[in-house]
Engineer: 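Provided herewith is a single structure, encoded as structure tokens, for subsequent inquiry.
Lettering of chains follows the sequences in order, A, B, ..., and the numbering in each one begins at 1. Any value given below was found using the heavy atoms of this structure, including those in side chains, with hydrogens, waters and symmetry copies removed. Please read all numbers here as calculations on a predicted model, not as lab measurements.
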Amino acid sequence: MSATRIEKRFEKTRRENRPAFVAFVMAGDPDEATADAILAGLPAAGADVIELGMPFSDPMADGVAIQMAGRRALESGMTLKKTIQSVARFRKTDPDTPIILMGYYNPIYIYGVETFLADAAEAGVDGLIVVDLPAEEDGELCIPALKAGLNFIRLTTPTTDDNRLATVLKNTSGFVYYVSMTGITGAEIKNREAVGTAVKRIKAHTDLPVAVGFGIKTAEDAAFIGRDSDGVVVGSAIVSAIANSLENGKATAETSKAVHSLVADLAQGAKAARS
Amino acid sequence: MSEAMVNSLRQGPDEQGKFGIYGGRFVAETLMPLILDLEKAYRAAQDDPEFHREMNDLRVHFAGRPSPLYFAERMSADLGGAKIYFKREDLNHTGSHKLNNCLGQILLAKRMGKTRIIAETGAGQHGVATATVCARFGLPCTVFMGATDVERQMPNVLRMKMLGAEVKPVTAGAGTLKDAMNEALRDWVTNVETTYYLIGTAAGPHPYPAMVRDFQKVIGEEIRAQIMEAEGRLPDALVACIGGGSNAIGTFYDFLDEPDVRIFGAEAGGHGLDVDNGHAASMAGGRPGVLHGNRTYLLQDVDGQILEGHSISAGLDYPGVGPEHAFLRDSGRVNYVPVTDKQALDAFMACTKFEGIIPALESAHGLAHVMEIAPKMGKDEVIVLCLSGRGDKDVESVGRHLGMAM
């Protein structure tokens with residue numbers, strides 16, 4: 001199989017001796033048109049990879065910021081079908097930036113796994129992160145996704161010990177997502193030094209790039225975490241910038257700008273990680 | 001394997017924690033190692049006579065088991081059909097069947113060296129039972145409870161607090177059981193090293209559904225012995241209410257391979273199945289999906305977003321159901337029927353006035369179905385209802401519904 005957009009992008013940032021900056025936004029947050037504008041401007045602002053949240057009513061692994069982003073999206077009428085369509089629109093103007101859909105399994109299961117994979121691949125989706133599908137449930141979506149040519153990116157966590165790592169890494173592709181803490185998105189990283197040690201431990205088991213997410217909020221965090229990892233993921237801070245720009249729950253002229261200027265700042269932090 | 005075993009409905013779950021296509025382990029990676037540990041600890045406990053000895057001692061001296069099987073003479077006469085028996089789980093310590101499960105799980109938590117207990121609760125019955133075992137064993141306890149439920153079940157909130165538990169109201173969503181479970185899972189992911197999640201129903205990721213069933217199946221085993229003593233034969237029908245379904249699976253399990261025993265589960269029909277998002281009957285009005293660690297019947301929209309559902313009873317107000325029930329539904333072994341708020345209220349009052357027993361609103365759903373089928377059955381036939389809990393917690397909200405002066 002030829003290299004996927006995700007693989008090419010991590011290869012590029014590796015050559016540039018810097019971590020990739022991975023930006024998370026929620027599809028349809030705060031409304032479909034504004035979300036389109038936000039998405040379209042992310043690469044220019046400095047996002048190397050985009051994680052696009054698939055809104056779900058019961059986001060069990062997410063903190064308040066991403067819970068609220070999902071709720072705004074659902075209230076604006078977002079669905080999984082519309083999420084895939086927004087990727088197709090993005091792809092018309094950006095053939096290179098990888099897009100990963102991230103969320104929970106039930107909407108995909110209800111959409112129908114085969115139909116979902118076909119529609120997502122056709123729209124230009126490159127990979128999937130599904131929080132509530134551990135390796136034990138690989139038959140559900142992971143294996144079919146790999147067959148459909150999509151990367152399936154697995155989360156590894158501080159509780160994933162060396163024995164289990166082999167199980168977790170087995171069908172992982174694209175990159176490995178290391179969750180910086182035992183906790184939900186948007187919480188505090190208590191021990192930043194330990195993150196680097198954990199990334200090195202994972203890299204001893206795999207040649208895949210390792211990106212780190214959860215709890216990274218500032219350019220300084222991105223620079224610190226980016227020293228030892230191949231990518232840094234920011235989500236809660238970005239969707240909070242959306243929340244802070246709203247008036248009476250509606251997008252304003254500032255909404256897109258607020259996101260893009262924060263992403264530019266964070267990406268700058270990541271770029272400076274090894275300089 | 002004998003032919004009887006091949007056809008047995010009591011073989012689940014399989015190695016993957018599945019009952020047919022239902023169940024499984026749909027959880028975040030952070031929790032996966034712990035869930036595998038829990039399964040190991042549970043298997044070890046099952047094989048350890050000391051675990052069973054300690055559990056039996058607590059059942060007899062702390063919980064007050066066996067619970068009586070009571071002949072509801074006046075209701076039977078009034079309905080004019082089958083003889084009706086109540087399995088009196090309301091007489092369990094803490095007032096419901098919930099303690100059976102909590103005793104088993106707290107012993108496991110101790111064996112695993114966990115130092116903090118969390119739980120979710122709807123009506124507060126499981127929260128009270130959890131707070132009770134935590135007090136008994138000296139472990140700190142945090143109970144997540146939907147803000148709406150905190151409001152409608154205040155007596156149980158006070159009991160939990162007096163027992164030393166911290167009650168955290170959850171305002172997300174509609175502030176009911178589903179939201180409490182989300183918040184408990186978030187806490188668990190955060191504090192996974194120290195914390196044991198004491199799930200209150202036969203649902204969630206494997207091994208919880210099987211484990212909770214095993215801790216509750218004492219209900220059905222006692223019914224078998226007691227009805228043999230009272231009537232010299234097995235019942236013609238068994239009835240229990242279903243939210244997540246722990247009292248129901250506990251009641252049914254011992255009888256699943258008895259083809260002459262008809263089995264009914266009463267789901268919360270709320271305002272009626274034809275009312276959009278107006279009920280919590282996940283099997284009669286939902287379809288299979290994945291939530292809270294398992295695949296099961298769920299109330300959801302066409303996009304796979306979970307609906308809140310509605311029931312007058314906080315304990316049944318949940319959009320899912322335990323995976324073994326989903327399996328038993330599809331197999332046709334158990335007949336799951338919706339019971340409306342109004343039917344449950346009528347049954348609540350009938351039980352109170354005819355038998356001098358104030359049932360939990362949850363249990364009143366089961367009783368409502370008994371009242372439906374008993375008149376159509378012969379006087380020589382026998383129904384056993386699991387009266388899963390007592391209704392003290394509900395008197396205020398029932399009084400309000402009936403327009404009684406407060």
Side-chain angles (χ1 to χ4, degrees), chain A residues 54-64 67-68 70-71 74 77-83 103-112 116 130-137 139-141 154-161 163-165 167-168 177-179 181-188 214, chain B residues 15-18 21 23-37 39 171-174 178-195 204-206 286-296 298-308 319-320:
Chain A
M54 300 174 278
F56 182 48
S57 52
D58 293 80
M60 280 101 50
D62 285 304
V64 173
Q67 288 175 40
M68 295 306 292
R71 180 153 348 150
L74 290 173
M78 206 58 188
T79 62
L80 185 51
K81 194 174 192 74
K82 289 184 185 174
T83 301
Y104 297 81
Y105 184 41
N106 195 56
I108 296 171
Y109 179 69
I110 293 304
Y111 195 101
F116 167 77
V130 183
V131 178
D132 52 354
L133 285 179
E136 280 70 8
E137 304 291 351
E140 295 282 337
L141 181 65
R154 183 98 61 206
L155 304 179
T156 63
T157 70
T159 59
T160 315
D161 63 17
N163 286 333
R164 186 166 166 76
L165 212 42
T167 310
V168 172
Y177 188 130
Y178 179 67
V179 177
M181 59 171 109
T182 58
I184 54 178
T185 53
E188 300 290 331
F214 283 43
Chain B
E15 291 281 298
Q16 278 70 49
K18 298 266 168 72
I21 66 162
R25 288 179 283 220
F26 296 89
V27 296
E29 170 59 21
T30 310
L31 296 176
M32 227 15 251
L34 181 73
I35 280 176
L36 295 171
D37 280 354
E39 190 180 350
T171 53
K178 161 176 95 91
D179 312 297
M181 197 146 182
N182 287 336
E183 213 51 40
L185 282 163
R186 290 184 187 116
D187 182 297
W188 198 24
V189 161
T190 306
N191 300 297
V192 62
E193 294 294 330
T194 58
T195 299
H206 178 64
R287 59 186 171 135
V290 173
L291 181 72
H292 291 157
N294 55 183
R295 177 171 14 236
T296 188
L298 296 172
L299 300 178
Q300 53 186 320
D301 69 12
V302 290
D303 190 41
Q305 307 297 336
I306 309 302
L307 302 174
E308 294 287 347

Engineer: Name the option with the most non-hydrogen atom pairs under 4.5 Å to chain A; the candidates are B:Met181, B:Arg287, B:Met32.
Structural biologist: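 Answer, by heavy-atom pair count under 4.5 Å with chain A: B:Met32.
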Engineer: Pick one of side chain, backbone, both or neither for A:Met54, based on which atoms fall under 4.5 Å of a heavy atom in chain B.
Structural biologist: neither
Engineer: Might you point out which heavy atoms bring B:Lys18 and B:Gly24 nearest each other, and give the distance in Å?
Structural biologist: CE-CA, 3.6 Å
Engineer: We want to know whether B:His206 and B:Glu39 form a side-chain donor-acceptor pair, criterion being a heavy-atom distance below 3.5 angstrom.
Structural biologist: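 Indeed, the side chains of B:His206 and B:Glu39 share at least one donor-acceptor pair under 3.5 Å.
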Engineer: Go through it in stages, so that I can follow the logic: the residues are A:Asp58 and B:His292, the test is side chain to side chain donor-acceptor pair (under 3.5 Å), and I'd like the CA-CA distance, side-chain angles, deciding distance and then a yes or no.
Structural biologist: CA-CA 9 Å; A:Asp58 293 80; B:His292 291 157; 4.7 Å; no
Engineer: What part of A:Pro158 gets closer than 4.5 Å to chain B, counting heavy atoms only: side chain, backbone, both or neither?
Structural biologist: neither
Engineer: Under a 4.5 Å heavy-atom cut-off, does chain A meet the side chain of B:Leu298, its backbone, both or neither?
Structural biologist: side chain
Engineer: For the residue pair A:Thr167 and A:Ala135, what are the closest heavy atoms and their distance?
Structural biologist: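 So the minimum-distance heavy-atom pair works out to O-CB, 3.7 Å.
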Engineer: What part of A:Tyr105 lies closer than 4.5 angstrom to a heavy atom of chain B: side chain, backbone, both or neither?
Structural biologist: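 Side chain only.
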Engineer: So, are B:Arg25 and A:Glu140 salt-bridged, with charged N and O less than 4.0 Å apart?
Structural biologist: no
Engineer: Sort A:Arg71 into side chain, backbone, both or neither according to what part of it lies under 4.5 angstrom from a heavy atom of chain B.
Structural biologist: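 Just its side chain gets close to chain B.
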Engineer: Looking at A:Val64, A:Thr156, A:Val168, A:Leu74, which has the largest count of heavy-atom pairs under 4.5 Å with chain B?
Structural biologist: A:Leu74
Engineer: For A:Asn106 and B:Gly304, work out which heavy atoms get closest and say how close.
Structural biologist: ND2-O, 2.8 Å
Engineer: Looking at A:Glu137 and B:Arg295, is there a salt bridge between them, counting it only when a charged N and a carboxylate O are closer than 4.0 Å?
Structural biologist: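 Looking at B:Arg295 and A:Glu137, the cut-off is not met.
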Engineer: Kindly compute the distance separating CD1 (A:Ile110) from CG (B:Asp303), expressed to the nearest 0.5 Å.
Structural biologist: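 Separation between the atoms: 9.5 Å.
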Engineer: At a 4.5 Å cut-off on heavy atoms, which part of B:Leu36 comes close to chain A: side chain, backbone, both, or neither?
Structural biologist: side chain
Engineer: Chain B heavy atoms under 4.5 Å from A:Asp161: which part of the residue, side chain, backbone, both or neither?
Structural biologist: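 A:Asp161 has no heavy atom closer than 4.5 Å to chain B.
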Engineer: Pick one of side chain, backbone, both or neither for B:Ile306, based on which atoms fall under 4.5 Å of a heavy atom in chain A.
Structural biologist: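 Answer is both: backbone and side chain atoms of B:Ile306 are under 4.5 Å from chain A.
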Engineer: Quick one: what part of B:Pro205 sits under 4.5 Å from any heavy atom of chain A, side chain, backbone, both or neither?
Structural biologist: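 Looking at B:Pro205, nothing touches chain A.
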